[in-house]
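See structure below.
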Amino acid sequence: MSTILEGNPDKNLILVAGRSHPKLAADVAEQLGIEVLETTAYDFANGEMYVRYTESVRGADVFVLQSHTTPINKSIMEQLIMIDALKRASARSITAVCPFLGYSRQDKKHRGREPISCRLMFDLLKTAGADRIMSVDLHAAQSQGFFDGPVDHLIAMPVLVDYVRDRLDLSNISVVSPDAGRIRVAEQWAQRLGGGPLAFIHKTRDITRPNQAVANRVVGDVKGKDCVLVDDMIDTGGTIIQAINVLHEAGANSITVVATHGILSGPAVERLKNCGAREVVLTDTVPIPEEKRWDGLTVLSIAPLLASAIKAVFDDGSVAELFDTYPEHHGQGFLFA
């Protein structure tokens, strides 16, 4: 199998990947019908990284896939070095594919003398040489405005909705947002699940302490309902656990937790194992090792969506149209990680 997907006229697609999530890179390459271009990469004794491509990338449209996972700063730096190497090797175009974009939750200033680290991330990718950025479920969609160039903001909702739709009684579903800020996303979920009722968790957050929030009460009708609790990421799991407790107290019949990014830091796994949720559904935008999996967890592959978006960009097609027809347009259904 070739490492190059040939296009017309005289266009070649190459997929390269860092070391943070090799399985996802292999799955995306399989969907595209190519192989990941072999890369020589290693660390020096002091932690510095070295990257070199084993084949020419001159004149090619190169997609650099790297999910920003633990150790997150190393993952980011490796991708920046890979992009710089491509720029100096005369790649025709460089797209940074970041299924999970590090620092994306730091997209605004809450207090004086704080950074806007999400903006810095986009600036770093641009300075390294990225012409385009592709990511899945940014913490805030308006973050795309931080990058002076095309940003393909993919949404995992079609992948997740398709799975949930077949496992719950749609006539008894209530879609729940873990906070008021994501109610618009919950509305989109409700529309795709048949237009059921909406609810959200009223919570307060201590902006001086990370991963600290207090769920106060549920706003909306959840009594006797099969609740679908939707969020963009689960880090330590504290916010989700509190939301689950509030829903149980409000009389929810069952709770299915759905999120795009399963970061699962610190006590998250133990918390989710014992939270009383019917099921936890995540995608593999970041790797979820076997030791962080349990019987109540389902991990869906994001590879078909990424591959379809990469192919659309390469063919100068519409990325937005993918979400109107997914998964029918690729005809392969969903892969399970």
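Everything quoted here is computed from the prediction, not taken from an experiment.
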side-chain contact (heavy atoms from CB on, under 4.5 Å) for F314 and T95? Distances and angles first, verdict last.
CA-CA 10 Å; F314 178 62; T95 299; over 6 Å; no

Show your reasoning for whether salt bridge (Lys or Arg N to Asp or Glu O under 4.0 Å) applies to K87 and D131.
CA-CA 10 Å; K87 177 178 66 176; D131 303 297; over 6 Å; no

D179 and R182: salt bridge (Lys or Arg N to Asp or Glu O under 4.0 Å), yes or no, with the steps?
CA-CA 6 Å; D179 55 52; R182 295 192 63 80; 5.8 Å; no

Check step by step if side-chain contact (heavy atoms from CB on, under 4.5 Å) holds for V62 and V16.
CA-CA 7 Å; V62 187; V16 299; 3.9 Å; yes

Output, in order, the C-alpha distance, side-chain angles, deciding distance and verdict of side-chain contact (heavy atoms from CB on, under 4.5 Å) for V299 and R293.
CA-CA 9 Å; V299 182; R293 301 194 181 204; 4.0 Å; yes

For side-chain contact (heavy atoms from CB on, under 4.5 Å), just list the numbers for I81 and E78, CA-CA rounded to whole Å, side-chain angles, deciding distance to a tenth of an Å, and then say yes or no.
CA-CA 5 Å; I81 293 171; E78 184 176 56; 5.7 Å; no

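Crowding of E38 atom CD: a count of heavy atoms from other residues, nucleotides or ligands under 6.0 Å not exceeding 12. Heavy-atom neighbours of D295 CG from other residues, nucleotides or ligands within 6.0 Å: at or below the threshold of 12. Within a 6.0 Å radius of CG in D148, no more than 12 heavy atoms belonging to other residues, nucleotides or ligands are found. With a 6.0 Å radius and a threshold of 12 heavy atoms from other residues, nucleotides or ligands, Y103 has its OH atom at or below the threshold. A 6.0 Å sphere centred on NZ of K273 holds more than 12 heavy atoms belonging to other residues, nucleotides or ligands. Other residues, nucleotides and ligands contribute more than 12 heavy atoms inside 6.0 Å of the CE atom of M157.
Without hydrogens or angle criteria, D316 side chain to A312 main chain gives no donor-acceptor distance under 3.5 Å. For S174 (side chain) and D221 (main-chain N/O), a donor-acceptor pair under 3.5 Å exists by modelled atom type. Remark: the backbone N or O of A85 is not paired with any side-chain donor or acceptor of Y53 at under 3.5 angstrom. The main-chain N or O of A140 is never found under 3.5 Å from a side-chain atom of H153 such that the two would form a donor-acceptor pair. Side-chain atoms of S177 do not come within 3.5 Å of backbone N or O of A180 as any donor-acceptor pair. In this structure, S301 contributes its side chain and A303 its backbone to a donor-acceptor pair below 3.5 Å. Looking only at distances, no side-chain donor or acceptor of D107 sits under 3.5 Å from a matching main-chain atom of A141. Remark: the backbone N or O of L101 is paired with a side-chain donor or acceptor of S104 at under 3.5 angstrom. For H21 (side chain) and T69 (main-chain N/O), no donor-acceptor pair under 3.5 Å exists by modelled atom type. Side-chain N or O atoms of D169 include one that pairs as donor or acceptor with a backbone N or O of S171 at under 3.5 Å.
Distance check, rounded to the nearest 0.5 Å: CG of D61 to CG of L86 gives 11.5 Å. Separation of atoms CD (Q79) and NZ (K74) is listed at 15.0 Å; rounding is to 0.5 Å. Residue L15 holds its CG atom at 12.0 Å from CD of Q31, rounded to the nearest 0.5 Å. Atom-to-atom distance recorded for H248:NE2 and N253:CG is 10.5 Å, nearest 0.5 angstrom. Distance CG/D226 to CD1/I173: 7.0 Å, rounded to 0.5 Å. For the atom pair I244 CD1 and L229 CG, the distance stands at 6.0 Å (nearest 0.5 Å).
Ion pairing between D315 and K11 fails under the 4.0 Å rule for side-chain N and carboxylate O. Between E114 and R111 there is no salt bridge, since no side-chain N of the basic residue sits under 4.0 Å from a carboxylate O of the acidic one. With salt bridges taken as basic N to acidic carboxylate O contacts below 4.0 Å, one links D152 and R132. A salt bridge does not link K126 with D123: none of the charged nitrogens is closer than 4.0 Å to a carboxylate oxygen.
Linking ILVMFWY side-chain heavy atoms closer than 4.5 Å, directly or via other members, places V218 and F200 in two distinct hydrophobic clusters. Under the 4.5 Å side-chain heavy-atom criterion for ILVMFWY residues, no single connected hydrophobic cluster contains both L247 and V219. Taking hydrophobic clusters as Ile, Leu, Val, Met, Phe, Trp and Tyr residues chained together by side-chain heavy-atom distances below 4.5 Å, V176 does not share a cluster with I183.
The heavy-atom pair separating T260 from T285 by the smallest distance is O-OG1, 3.5 Å. Shortest non-hydrogen contact noted between L297 and K292 is CD2-O, 3.9 Å. Residues I34 and T3 share a closest heavy-atom pair of CD1-O, 4.2 Å. Nearest heavy-atom pair across L24 and P99 is CD2-CG, 3.8 Å. G262 and I288 get closest at one heavy-atom pair: O-CG1, 4.0 Å. Residues D235 and S265 share a closest heavy-atom pair of OD1-OG, 2.5 Å.
A ring-centre distance under 6.0 Å is not found for H68 and F100.
In this pair, Y50 and F44 present their aromatic rings perpendicular. The plane angle is above 60°, beyond the 30 to 60° band.
Listed by chain and residue number, Q66 satisfy the side-chain hydrogen bond (donor to acceptor under 3.5 Å, both in side chains) test with S20 (two or more places apart in sequence, or in another chain). Taking the side-chain hydrogen bond (donor to acceptor under 3.5 Å, both in side chains) definition, one finds that S90 meets it with R58, sequence neighbours left out. Scanning for side-chain hydrogen bond (donor to acceptor under 3.5 Å, both in side chains) contacts around D232 gives H139, with sequence neighbours left out.
Relative to the six-membered ring of Y163, R167 meets both conditions, a distance below 6.0 Å and an angle of at most 45° to the axis.
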